[in-house]
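All remarks here apply to the structure that follows.
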Amino acid sequence: MIKMIWDHVIKNGYIYNGTDFIKGNLYINDGKIAAISENELEGEAKKTTDANEKYVLPGFIDTHVHSRDPGATYKEDFYYSTQAAAAGGVTTVFEMPNTNPPINNVENLYKQKDNLTPKAHVDFGIWGICLGDLNRNEILPLHEAGVIGFKFFWGYAINSETFQLAYNYKDGDEGVIPPLPDGEVYDIFKEVEKTGQILAIHAENNEIIQRLTKQVEDSGRRDYEALLEGRPNLAEEMTIQSGIAMAKKLGTRLHILHVSTGEGVKLVRQSQAEGYPITSETCPHFLFLSNEDYEKVGPQMKVYPPVKYKKDQDELWRGIQDGTVSIVCSDHAPHTEEEKDGDLWSIPAGMCGVETLAPLLLNAVSEGKITLKQVCDLLSENPAKQYGIYPNKGSLAVGTDADITIVDMNAEMIIKRENLHSKSKVTAFDQFPVKGVPAATIVRGVTVMEEGQIVSEPIGQMIKPIK
Ligand code: NCD
Ligand code: ZN
C-alpha cells in the first residue's frame, strides 16, 4: 500500500466548516485543503503544526486596501502592506485603483499585476477605477481582463493629469477635474451593470461638503466637531440615496464603501428589503471609535468619510447584526507620519488598518459583541461570495486553496504603532488592548506568518473573479 504523504498537517484545532467549529485535524497538499478529519488520518506529514485548541479559520480577506504602489511608495508599498496583511491574519487583499497611474485601462492593470506580484506576501485582487467619460470605454475590457470590481470615488475632484484624488478640493482649484455631474455618474452605473460586477462607491456629496466646510472654516473653528459640521452625515446620506436610486433603475450591483452613518445603514437596509442586490461595508474605525475619541486619538483618526457619532456607531453594529452590513474591511490608507502630524484641516485623510482589522474584530468577539462565526462571515465568506472568488477563497472546503488563518482567542496584545509592519505607522488604535490574535497565516499552503513573524518570501498571486 502506498503511504500517504501530507505537505502540512494542522492538528488539534477548532476548524470552521461553514457552520460550526469542529475539533480535529486539517491536511494540506499542493497548496489545497486535502482533508479535514476528527480522527488522525494515516500517513506521514512533512510539516506538523499543533494548533493546540486554537481556531482554524478560512483566510481573512481585506477588500479595501490602498498600498500607494505605484505612485506614492514613500507612504506605503505592496511589499510592506502585504506583510502587514499577513501579520494581521489576512490572506487576500483587494488593492484599490487610485494609484499613479490609476487602474483605468487594461494596460495599467497588467502593469500593476507585474508590479505587485514580486512584492506580494498574500494573494490579491485589483480594483478598476471609474473616471466617467474619461474611461467609460475601458470598463468592459477591464472586466474581461479580471478586475475584482469597479470603484468610483463619487464626490472627489481629481488631478487632470495624474487622476489622483484631490483631498480638499475647492471650487475653482486649478489643474483638477471637478466632481462628476450626476448624468455622467448615471452612465458609469449603466456601463458597470453590463459587466455584472460590483460598482463600489465612495459616497460623500461634494456640494454639501464644499458649502458647509467653507462656512465653518470662515468661522475660524478648527476642532473635530467643526470638521463634522463641514462634512456631515447628510453628505453620505444624499450620495447613498442617489446611488441606490440609480442602481434600482439600472440593475447595477451597487456596493457602498466604508459606511459611516446610521442614515447610510438604514438606506441600505431598506433597499435590501425591497429585494435589490445592494451591499455595504464598514471599517473598524467606525465600529470602535466616535467623535468622543478625537481628544485622545488626535489627527491620526482623520479619515474620509470622517468617524461620526456614537449613534452612528450603534446603528452600524445593528447593521452587522442583521446582515445589512456584510463586510468589514480596513480602508488601509497610509500617509507618512509627518503628513499626518499637522492641522486637522490640512492633513490628508486616511490611516493604516490592514494589520489591525482582524485583531479588533476578534477582540469584539472576546467582548461578546459578535461571534467568531460572524467574524468568518464578515472577513471571509461574505467578501468571497460577493466578489466571485468563493469557495476557492473564503472557505475551508476540501479541494480549495489552503488559505488559513489560525487565531488564538486567549492571546492578549496591545496594539502599538511601532510594531506595525507598514512603512508609515499611522494608526488610530495605538495602545488599544485586544484579546484574540492571529497566530498563523497560510496562503495556498505556504506559511507566511507564524507568531507575529513574517516567515516567507513574497508568494502572492493575482486572483480574478470566477466568471
Ligand atoms: C483614501 C485614500 O487616501 O486613498 N482616504 C480615506 O480617507 N479613506 C481615499 C478614500 O477611500 O476616500
Ligand atoms: Zn473612499
Side-chain angles (χ1 to χ4, degrees), residues 62-78 81 93-103 126-131 149-159 162-169 179-180 185 198-206 209 213 224 227-228 230-231 235-236 239-240 243 254-261 264 280-286 289 294 297 299-308 327-337 339-340 342 344-354 356-357 422-424 426-428:
D62 189 344
T63 57
H64 196 148
V65 173
H66 301 266
S67 300
R68 315 299 193 197
D69 191 345
T73 48
Y74 67 96
K75 295 177 195 258
E76 178 72 305
D77 70 31
F78 211 56
S81 69
V93 297
F94 293 175
E95 182 59 19
M96 280 296 170
N98 59 320
T99 42
N100 188 3
I103 312 308
I126 303 177
W127 287 91
I129 200 165
C130 295
L131 299 173
F150 290 94
K151 167 131 182 201
F152 172 49
F153 290 88
W154 202 335
Y156 270 107
I158 51 172
N159 183 295
T162 63
F163 308 133
Q164 299 306 290
L165 305 181
Y167 285 104
N168 297 312
Y169 167 75
L180 299 185
V185 176
I198 295 279
L199 174 61
I201 59 166
H202 178 115
E204 283 185 296
N205 180 292
N206 180 265
I209 289 168
T213 297
Y224 192 76
L227 185 89
L228 289 186
R231 231 178 159 93
E236 180 171 287
T239 301
I240 293 180
L254 177 64
H255 176 74
I256 318 294
L257 298 161
H258 44 46
V259 176
S260 68
T261 62
S280 69
E281 67 182 35
T282 192
C283 312
H285 39 274
F286 303 122
L289 299 173
Y294 183 76
V297 179
Q300 308 277 333
M301 98 180 209
K302 180 176 176 183
V303 61
Y304 289 161
V307 172
K308 307 283 190 330
I327 293 176
V328 180
C329 55
S330 70
D331 191 7
H332 183 76
H335 299 284
T336 67
E337 299 177 42
E339 285 171 323
K340 279 302 262 197
L344 173 65
W345 288 70
S346 34
I347 60 171
M351 60 180 105
C352 292
V354 68
T356 49
L357 169 69
S422 281
K423 205 177 248 188
S424 67
V426 172
T427 171

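Along the sequence shown, residues are numbered consecutively beginning with 1. Hydrogens, waters and symmetry mates are skipped; everything else that's a heavy atom, side chains included, is used. For ligands, and for the atoms within them, numbers begin at 1 and follow the listed sequence.
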Residues that Glu76 engages under salt bridge (charged side-chain N to carboxylate O under 4.0 Å, His left out), provided they are two or more places apart: none
Flag the pair Phe150 / Pro97 as yes when at least one side-chain heavy-atom distance between them is below 4.5 Å, and no otherwise. no
Non-hydrogen atom of Met351 closer than 4.0 Å to ligand 1: no
For Leu165, the ligand 1 atoms with a heavy-atom partner under 4.0 Å come out as 9 (C)
Could you check His64 against Phe94 for side chain to side chain contact (heavy atoms under 4.5 Å, CB included), going step by step and ending with a plain yes or no? CA-CA 6 Å; His64 196 148; Phe94 293 175; over 6 Å; no
Interatomic distance, Glu236 atom CD to Trp154 atom CH2 [nearest 0.5 angstrom]: 12.5 Å
Please check if the distance between the ring centroids of His66 and His332 is under 6.0 Å. no
Mind running side-chain hydrogen bond (donor to acceptor under 3.5 Å, both in side chains) on Lys340 and His335 for me, showing each step along the way? CA-CA 7 Å; Lys340 279 302 262 197; His335 299 284; 5.6 Å; no
Nearest protein heavy atom with distance in Å, relative to atom 2 (C) of ligand 1: Tyr167 OH, 3.1 Å
Check: His202 ring centroid to Tyr156 ring centroid under 6.0 Å: yes
So the atoms of ligand 1 within less than 4.0 Å of a heavy atom of His202 turn out to be 10 (C), 11 (O), 12 (O)
At under 4.0 Å between heavy atoms, is it the side chain or the backbone of Leu257 that contacts ligand 1, or both, or neither? neither
Starting from atom 11 (O) of ligand 1, find the nearest protein heavy-atom neighbour and note its residue, name and distance. His66 NE2, 3.4 Å
Going by the order shown, which atoms of ligand 1 are within less than 4.0 Å of some heavy atom of Val303? 7 (O), 8 (N)
Quick one: pull up CG in Leu227 and OG1 in Thr213 and give me the separation to the nearest 0.5 Å. 7.5 Å
Counting from 1, what ligand 1 atoms have a heavy atom of Gly350 closer than 4.0 Å? 7 (O)
Mark the output for His335 as yes if a heavy-atom distance to ligand 1 is under 4.0 Å, and as no if none is. yes
When you look at Arg68 and Asp77, which way does the salt bridge (Lys or Arg N to Asp or Glu O under 4.0 Å) test go after all the steps? CA-CA 6 Å; Arg68 315 299 193 197; Asp77 70 31; over 6 Å; no
Does His258 reach ligand 1, in the sense of a heavy atom lying below 4.0 Å from it? yes
At under 4.0 Å between heavy atoms, which part of Lys151 makes contact with ligand 1: side chain, backbone, both or neither? side chain
Within ligand 1, which atoms have a heavy atom of Asn98 less than 4.0 Å away? 4 (O)
Please report which non-hydrogen protein atom sits nearest to atom 7 (O) of ligand 1, along with the residue it belongs to and the distance in Å to one decimal place. Tyr304 N, 2.9 Å
Just to confirm my output: which protein heavy-atom neighbour is closest to atom 8 (N) of ligand 1, and how far is it? Asp331 OD2, 2.8 Å
Run the side chain to side chain contact (heavy atoms under 4.5 Å, CB included) check on Leu257 and Lys151 step by step: do they pass? CA-CA 9 Å; Leu257 298 161; Lys151 167 131 182 201; 3.4 Å; yes
Which residue and heavy atom of the protein sit nearest atom 4 (O) of ligand 1, plus the separation: Arg68 NH1, 2.8 Å
2.8 Å cut-off met by an N, O or S atom of His64 to the Zn ion (ligand 2): no
In His202, which N, O or S atom comes closest to the Zn ion (ligand 2)? ND1
Test Lys308 against Ser260 for side-chain hydrogen bond (donor to acceptor under 3.5 Å, both in side chains), laying out the working first. CA-CA 7 Å; Lys308 307 283 190 330; Ser260 68; 2.8 Å; yes
Point-to-point distance, once rounded to the nearest 0.5 Å, from CD1 of Ile129 to CZ of Phe163: 9.5 Å
Atoms of ligand 1, numbered as shown, that sit under 4.0 Å from any heavy atom of Tyr156: 9 (C), 10 (C), 12 (O)
Does Ala349, backbone or side chain, put an N or O under 3.5 Å from an N or O of ligand 1? yes
